Each structure stands twice: as structure tokens, then as C-alpha cells.
Amino acid sequence: MSLANKKIILGVTGGIAAYKAAELCRLLVKAGAEVRVVMTAAAQQFVAPLTFQALSGKPVLASLWEAASGDGMEHIHLSRDADLLLVAPASADFLARLVHGRADDLLSTLCLARTCTLAVAPAMNREMWAAAPTQRNLAQLRADGVQLLGPAVGEQACGETGLGRMLEPAEVVAALPGLLGAGLLAGKRVLITAGPTFEAIDPVRGLTNRSSGKMGYAVAQAAREAGAEVCLVSGPTCLAVPAGVRRIDVQSAAEMRDAVLRELPSDVFIAVAAVADYRVDAAAPQKIKKSDAGLTLNLVANPDILAEVAALPNAPFCVGFAAETERLAEHAEAKRRRKHLPLLVGNLAQDTLGQDTAELVLFDDRGAHPLPRADKLTQARHLIRHLASFLN
Ligand code: CTP
């Protein structure tokens, strides 16, 4: 696939693999991308900026202090315009600086100020790669939603052989279209539910569950990145609303249902919320006082929002989530059929609840599609690409 008109910032950090970045730059331009190269000071010890200027056809940016735009906000403008920030090679030092959110040169500042996907292609000696601090940093970067490309196993500049070599430029280029989901849902309205619901018992108590809302918010961000107009109906969470997403706050399942029905029609409905199956029949208007006699709550069933939307005559493309604690495939597939869903995302609740990473399986008419364990935003992007294939 071509990268036509994609705006890519290619960050080059200091390592011998910087020579591969020259070939990478050439391949990106050949694939149609508009490439701006940003080099760290160390990178310039390995390859001259002029090489990248010639290959990209644009001046190389290297300093936070030589602002090219009138207002001196080059780091903000550059990162706002970009579809992708790709750091290749990414040295061990640069990964460590990313983890800490450093902003003491142009490239690290761009990474911090970005709104687009950040992908890094690490390159380092195998011992540096295997070192505990590097591995800790990688785990944090994955959790932060940074996309890791490679490294590969092979002969290294230091004469050793092992894991740490930068992917070949062609391999890096081949991985990019998958990261650039942009435009896949352009012009589509996507309605998403997220988080837990809260069912009042009395004015100070209620029934809720352990959903953090992280998955639903990640799905909202991924749908927005793919160009959709996104409305997120959210139960109580402490998460920030993703950029460009409209959020409607609700408490109970009944409020969530009403908000969803009001927001229809939409092209896609993704029910990620952990909706309480039951509510207290009549919540007490005043605080319930304790008594030795115990307390019995009368629970009544809540409406099934997803089933109701999926049964509408002009139903959107409906996606359900199923958190199971055992026999995932069997329960998830049964749920998908019962609610008449074209697509259902299954996970084992104990592996996912409150975690930053998730292991998901997509179930559709074609069968089960397991996704590799990754941070929730990466999983959400996979889901959006998968569902977009049904729409287009
Ligand atoms: N859902 C919903 N409204 C409800 C309950 C669930 O929209 N009242 C949606 C969830 O957002 C999720 C899917 O339905 O997408 C999950 O269904 P779930 O409640 O787990 O299924 P149940 O049929 O209630 O099965 P279980 O017995 O496992 O609770």
C-alpha cells in the first residue's frame, strides 16, 4: 500500500543504524509520504543532515532554538500536522528519555507534544537491549501506546550477534500502513459506551463494578484517529476524554440507555460499557440506617442496551464486548448470536480488568481472530481496522 500524502516526521537518533535511516527516508518518499526529518545532536555525528535534506527534499530540523515558523512554535505545528512520528533508529538513550517525557531537544519535544501515533524502531547492542532498565522502559512505552517496530536478530556493528538490530528499512515501511488507520472511518458516526454504571441504593450508596473505562476510551480514541465523529457515553470514570471526542456523562444503565437512544442514528455502535445487569427496584430517597435485622435489596433487570440497539430496524453496525471468566470462545460466540451481533470482542475478565494491557479475541461470522497482547490503544486500533473492513 502506498503512503500517499501521509505526513511523516522521521526522527533520527544517535546510533550506527542512523545510516539505515537514509534508506528509510528514501523509501518513505518513494511510497508517496511527505517526510520531515528531525535529527538529534548525536545522530549528526553519524550522518550529515545534508544527506537527509537531499533525500527528503526539505531542510532537516535539528534544534529547538532555530524556529522556522514566525511564532516559534515549530514543535507544536510540526507534531499537529503529522500523521505519524517515526523514530528510526531509536537508541536506548532516546527510549529512556521518552519514558521520562524529557523535552530538552526538538525530537523529544515533538514526541511529547504529538497528537499522532508514535512508532519507534529500536537499534542497539544486544546487551543494552536485554538490560533490565531497557526492558523496563519498553514495558512503559508499550503501556503508553508507543508502537514498537522490531528490533531484529542479526549481526551487529559491534561484531556480536543477537537481538537489537534495527529492522531493515523496507520492513519498517511495510509496517506503517497498519499504524496509519487514518481515514478508515472518515464520515462515519460512531457511538460508544464505556465504563461501569452506578445503580443507586440510596443517596450515598450504590451498586457498581470494577470497569475502569480504559478500553472504551481507547476505542473512542482509535475511532477518532480513524476519522470518525465519535460520541462517548460514559459511566463514572476518572479518565480524560480523548481529543476530538464528545462525551456524555451518565450514572445508571437507564441513563446510559436514554443517552444512547438519543444519539442514534449512527453508523456504528460499540458497547464497551460494563452495564449493571440489575438495579435496585426502588432506591431509598433517604440514607438507609443500619439495623440488626439485615437488609434485603430487591433487584430488577436493567434494559440490555446493546440488544435493544441491535434489534432496531435501522440498526447501526453493532459491536459487543464480552468479559468472561472461563470458556471464552464458547460463551462469547453464544453471546454474539444471542444479541445478533456481526462482531463481538471477547476477553478473560481476570486478565483485563483495570489493566493497561489486554488480550482480546474478535469473533465474527468468519470465526475467531485472537489479537496479540498489547496496550489497550493498540488493541483498539486493531478492532477499528477490523470493523472498518465490514463497512467499506
Ligand atoms: N450490555 C448492554 N446493556 C446491558 C448489558 C450489557 O449494552 N444491560 C452490553 C455490554 O456493553 C457488552 C455486552 O452487552 O457489549 C456484554 O454483555 P453481557 O452483559 O456480558 O452479557 P449478558 O448477556 O448479560 O451475559 P452475562 O451473563 O455474562 O452477564
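If you're wondering where the values come from, they're calculated on a predicted model, not measured in any experiment. Counting begins at 1 with the first residue of the sequence. Read the numbers this way: they start at 1 and go in the same order the structure lists the ligands and their atoms.
For the pair Val153 and Arg165, the minimum side-chain heavy-atom distance is 4.5 Å or more.
Lys188 has no carboxylate O lying under 4.0 Å from a charged side-chain N of Glu229, or vice versa, which leaves the two without a salt bridge.
The ring pair (Phe, Tyr, Trp, His ring centres under 6.0 Å) pairs that include a residue from residues 127-159 number zero, where partners must be two or more places apart or lie in different chains.
In summary, the side chains of Glu199 and Thr197 do present a donor paired with an acceptor at a separation below 3.5 Å, with no hydrogens or angles considered.
Under 4.0 Å from any atom of ligand 1, one finds heavy atoms of residues Ala271, Ala273, Val275, Asp277, Pro303, Asp304, Ile305, Leu306, Gly320, Phe321, Lys335, Arg338, Lys339.
Remark: Pro133 engages Ala131, Arg136 in a side-chain contact (heavy atoms from CB on, under 4.5 Å) (not counting sequence neighbours). With sequence neighbours left out, the salt bridge (Lys or Arg N to Asp or Glu O under 4.0 Å) criterion links Glu324 to Lys335.
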